[in-house]
Amino acid sequence: MDIPYTVEIRRDTGLNNGKIGIWLFLASEVMLFGALFASYILIRVGAPSWPRGDTILDVPLATFNTIVLISSSVTMVMAWASLMRRRFGTFRIYMGATILLGLVFLVVKYFEYGHHLELGEYPRTNNFLAIYYTLTGLHMLHVFGGMMVNAYFWGPGAKLWKTNPVWFTNRVENSGLFWHFVDLVWIFLFPTLYLL
Amino acid sequence: MTSDHAAASVTSDHAADIDKHVRVYITVFVALMVLTVVTVAISYLDLSVPIAVTVALFVAIVKGSLVAGYFMHLVSEKKLIYAVLAVTVAFFVVLMALPVLTHSNGFWIDE
């Protein structure tokens, strides 16, 4: 049996099922990261002293990664816009750029983590590093997950464009909503961990 | 819906709107870049922690709103999505209030 309302709009919700599904998922994600942000506040206000992020972490590298992730959000939304204009070739270019920018983000993070581990700065070292590794680690997993989904739509999943372009466009839009959410989380993580 | 009909609706219904959207995306991108520079610049001002936190969060909220509003299309979304997000925001606020109330010896948490 086919999945219902992948393209058609449900009369009761005014949305297709994929759209409401991804927003409910993102709502749960808000609570997941919210719980960790609340933990960060609790640990920080309860600590007798707390280091400024820029005394431990690399701000220029994180600023570069912020620019990379924001750029990837633009390429993601342009990938969706390309499908809306029915330009599949352009979609492939923008989606490929989104995946590559995600990869750049992860490579920079790899070097950042490597540098801290070389200095003997582990999650167990202190509370600041513990919450830093937890929040950025979970965020990195989200970047990786988003890249996998985007890679699927860039590659084998793109077959759907030939048989049902509206469904494919909706899928890319939902994948984009997740990707923008990952960008949005970083927009808050960056000043919280690196600058304050 | 056949694929031909589907494809037709993709192109004819929204093509003109999409061109307008793309211009907005570019504008939002530039605004996000400028605000990123502002975020970093503020951290060099040597402000006290409460003021630095307030300013940094304000800029982050503006940036987040631009991403959610325009890239995630929340400025023109259906009511049901707004309802889901309203509930989420309510729970999120409670979640953020918990550690603050704990720290300030709030009215329901005894030390």
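Hydrogens, waters and symmetry mates are skipped; everything else that's a heavy atom, side chains included, is used. Convention: sequence-line order gives letters A, B, ...; per-chain numbering from 1.
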>> Measuring only between side-chain heavy atoms, which start at C-beta, is B/Val40 closer than 4.5 Å to A/Phe190?
In response: yes
> Which atoms of B/Leu95 come close to chain A, meaning under 4.5 Å heavy atom to heavy atom: side chain ones, backbone ones, both, or neither?
Replying inline: both
> Parallel, tilted or perpendicular: which describes the rings of B/Phe71 and A/His180, with under 30° parallel and over 60° perpendicular?
Replying inline: tilted
> When only heavy atoms count and the cut-off is under 4.5 Å, which of residues 103-126 of chain A reach chain B?
Replying inline: none
> Does the side chain to side chain contact (heavy atoms under 4.5 Å, CB included) test come out yes or no for A/Trp80 and B/Ile18, once each step is laid out?
Replying inline: CA-CA 10 Å; A/Trp80 169 79; B/Ile18 294 302; 3.9 Å; yes
> Under the side chain to side chain contact (heavy atoms under 4.5 Å, CB included) criterion, do A/Lys19 and B/Lys78 qualify, and how do the steps go?
Replying inline: CA-CA 10 Å; A/Lys19 187 64 131 352; B/Lys78 293 282 185 295; over 6 Å; no
>> Heavy-atom cut-off 4.5 Å, strictly under: side chain, backbone, both or neither for B/Ile61 against chain A?
In response: both
> Rounded to the nearest 0.5 Å, how far apart are CG of A/Leu195 and OG1 of B/Thr39?
Replying inline: 7.5 Å
>> Please classify the contact of B/Val49 with chain A as side chain, backbone, both or neither, using a heavy-atom distance under 4.5 Å.
In response: side chain
> Who passes side-chain contact (heavy atoms from CB on, under 4.5 Å) against B/Ser48, sequence neighbours left out?
Replying inline: B/Pro50, B/Ile51
>> Working note: B/Tyr44 + A/Asp54, criterion side chain to side chain contact (heavy atoms under 4.5 Å, CB included); need CA distance, chi angles, decisive distance, verdict.
In response: CA-CA 10 Å; B/Tyr44 287 102; A/Asp54 56 9; 6.0 Å; no
> With a 4.5 Å limit on heavy-atom distance, are the side chains of A/Val77 and B/His73 in contact?
Replying inline: yes
>> Set out, in order, the CA-CA distance, both residues' side-chain angles and the distance that settles side chain to side chain contact (heavy atoms under 4.5 Å, CB included) for A/Leu15 and B/Glu77, then state yes or no.
In response: CA-CA 10 Å; A/Leu15 299 156; B/Glu77 205 35 278; 3.7 Å; yes
> Could you state the interatomic distance from OG1 (A/Thr75) to OH (B/Tyr25), rounded to the nearest 0.5 Å?
Replying inline: 13.0 Å
>> For a 4.5 angstrom cut-off between non-hydrogen side-chain atoms, does B/Pro99 reach A/Arg44?
In response: no
